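Quick notes on the structure that follows.
Just so we're clear, the structure is a prediction, and the values are computed from it rather than from any experiment. One is the number of the first residue; the rest follow in order along the sequence.
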Amino acid sequence: PYRKPLVIFSPKSLLRHKESVSPLSEFAASKFNPVNWEWNEDIKPEKAKRIVLCSGKVYYDMAGREKLTNTIALVRIEQLYPFPDVQLAGVLQKYRNAKEIVWVQEEPENMGAWEFARPLLLDLLGSRQRLRYVGRARASSPVSGTTSVFRCCSIRHKRTCRTGRLMTWARAVAGTRIRSPSSKAV
């Protein structure tokens with residue numbers, strides 16, 4: 001049955017984002033899709049090696065200026081509860097050759113949707129697939145408090161999803177020197 005989302009969590013920046021719009025015809029002729037996959041025609045499902053799962057605003061960061069390669073499928077989960085396991089299983093089946101499934105989020109690991117989604121995602125994985133988390137480490141605060149650290153995290157997450165390798169903080173800042181408390185360059 002068709003269900004309308006009752007609660008929508010969205011930052012104000014996403015309400016104003018130029019990519020976060022739909023034509024009026026989509027509201028009239030279409031229905032709510034709890035799972036949306038990459039609209040890039042360059043990505044052939046049989047060639048995808050990695051699937052990047054995300055929810056909310058981080059999708060626009062991942063799909064932004066620096067494009068992912070044509071072997072990485074970007075899947076946006078629009079509805080977290082009830083979890084769209086049937087729809088997501090269909091998308092994972094479409095990209096069944098992908099060996100790595102990555103969940104990316106802005107929030108720390110102990111916040112956001114990761115803790116809720118992890119066991120549900122593990123149930124959907126194929127025998128040759130593995131699940132990874134890309135995001136901030138566990139923390140007691142949901143935000144870093146400084147814009148530069150936030151931007152650094154966004155760059156780091158995107159490049160980690162693209163390359164499959166965890167970036168060092170120094171490389172993520174792209175030229176900015178980060179100093180540790182002992183004032184040695186990291």
Side-chain angles (χ1 to χ4, degrees), residues 9 14 19-20 33-139 142 144 149-174 186:
F9 292 96
L14 195 54
E19 298 294 323
S20 180
N33 293 319
V35 178
N36 293 301
W37 55 92
E38 185 71 59
W39 295 276
N40 186 348
E41 294 83 28
D42 295 339
I43 298 173
K44 305 290 185 245
E46 61 277 0
K47 301 279 187 191
K49 295 179 181 174
R50 184 177 303 126
I51 301 171
V52 176
L53 302 174
C54 60
S55 181
K57 184 176 157 275
V58 74
Y59 167 80
Y60 295 98
D61 296 335
M62 298 301 294
R65 289 175 240 108
E66 189 180 317
K67 292 291 184 192
L68 298 172
T69 68
N70 61 358
T71 60
I72 301 173
L74 187 57
V75 177
R76 184 174 60 196
I77 300 176
E78 297 285 352
Q79 174 181 307
L80 294 171
Y81 189 85
F83 195 74
D85 50 357
V86 174
Q87 294 91 341
L88 187 56
V91 173
L92 293 178
Q93 180 61 30
K94 180 178 179 178
Y95 296 109
R96 63 183 160 274
N97 292 335
K99 292 186 176 33
E100 189 175 43
I101 313 298
V102 178
W103 178 271
V104 64
Q105 69 181 26
E106 287 180 339
E107 299 85 8
E109 187 175 3
N110 57 325
M111 299 177 196
W114 169 247
E115 292 291 326
F116 169 73
R118 180 178 42 193
L120 301 168
L121 293 171
L122 287 171
D123 289 343
L124 298 176
L125 295 185
S127 59
R128 298 178 307 133
Q129 294 175 324
R130 68 183 180 123
L131 181 62
R132 287 184 57 198
Y133 167 81
V134 172
R136 292 179 47 213
R138 293 178 167 275
S144 61
V149 171
F150 173 78
R151 284 191 188 123
C152 181
C153 286
S154 296
I155 293 167
R156 184 179 192 213
H157 298 163
K158 185 163 189 173
R159 290 190 182 159
T160 299
C161 287
R162 193 184 67 220
T163 64
R165 295 183 309 272
L166 186 63
M167 290 184 61
T168 62
W169 279 101
R171 284 185 55 210
V173 178
V186 176

Rounded to the nearest 0.5 Å, how far does CG of Leu53 lie from CG of Leu131?
-> 8.0 Å
Between Arg128 and Arg96 the two heavy atoms that sit nearest each other are NH2-O, 3.9 Å
Nearest-0.5 Å distance that lies between atom CZ in Arg50 and atom CZ in Arg130 = 8.5 Å
Non-hydrogen atoms of Asn33 and Asn36 that approach each other most closely | CB-OD1, 3.4 Å
Okay, side chain of Asn97, backbone of Glu46: is any donor-acceptor separation there less than 3.5 Å?
-> yes
Taking it one step at a time, do Asp85 and Asp123 satisfy side chain to side chain contact (heavy atoms under 4.5 Å, CB included)?
-> CA-CA 9 Å; Asp85 50 357; Asp123 289 343; over 6 Å; no
Under the side-chain contact (heavy atoms from CB on, under 4.5 Å) rule, collect the residues that match up with Gln87, sequence neighbours excluded.
-> Pro34, Val35, Pro84
Quick one: sort the Phe83 and Phe116 rings into parallel, tilted or perpendicular, breaks at 30° and 60°.
-> perpendicular
Measure the spacing between CD1 of Ile77 and CD of Gln79 and express it to the nearest 0.5 Å.
-> 10.5 Å
Ser55 side, atom OG; Arg76 side, atom CZ - distance, nearest 0.5 Å = 9.0 Å
Rounding to 0.5 Å, atoms NZ (Lys49) and NZ (Lys99) come to a distance of 9.0 Å
Work out which heavy atom in Tyr95 is nearest to a heavy atom in Ala48; give both atom names and the distance.
-> CD2-CB, 3.6 Å
Can you find a pair of side-chain heavy atoms, one from Tyr59 and one from Leu14, that are under 4.5 Å apart?
-> no
Could you tell me which non-hydrogen atom of Pro108 sits nearest to which non-hydrogen atom of Tyr133, and how far apart they are?
-> C-OH, 3.5 Å
Sequence neighbours left out, what passes salt bridge (charged side-chain N to carboxylate O under 4.0 Å, His left out) with Arg138? Give chain and number order.
-> Glu115
Test applied, side-chain contact (heavy atoms from CB on, under 4.5 Å); reference residue, Trp37; option that passes from Val91, Ile43, Leu74 | Val91
Look up atom CG in Leu88 and atom CG in Leu120, then write down how far apart they are to the nearest 0.5 Å.
-> 9.5 Å
Ignoring hydrogens and geometry, is there a side-chain-to-backbone donor-acceptor pair from Asn110 to Ala139 under 3.5 Å?
-> yes
Side chain of Gln105, backbone of Trp114: donor and acceptor closer than 3.5 Å?
-> yes
Heavy-atom pair of closest approach, residues Val104 and Val58 = O-CG1, 3.9 Å
Apply side chain to side chain contact (heavy atoms under 4.5 Å, CB included) to the pair Ile101 and Leu121, showing each step before the final yes or no.
-> CA-CA 9 Å; Ile101 313 298; Leu121 293 171; 5.7 Å; no
What heavy-atom pair brings Val52 and Met62 nearest, and what distance separates the two atoms?
-> CG1-CE, 4.1 Å
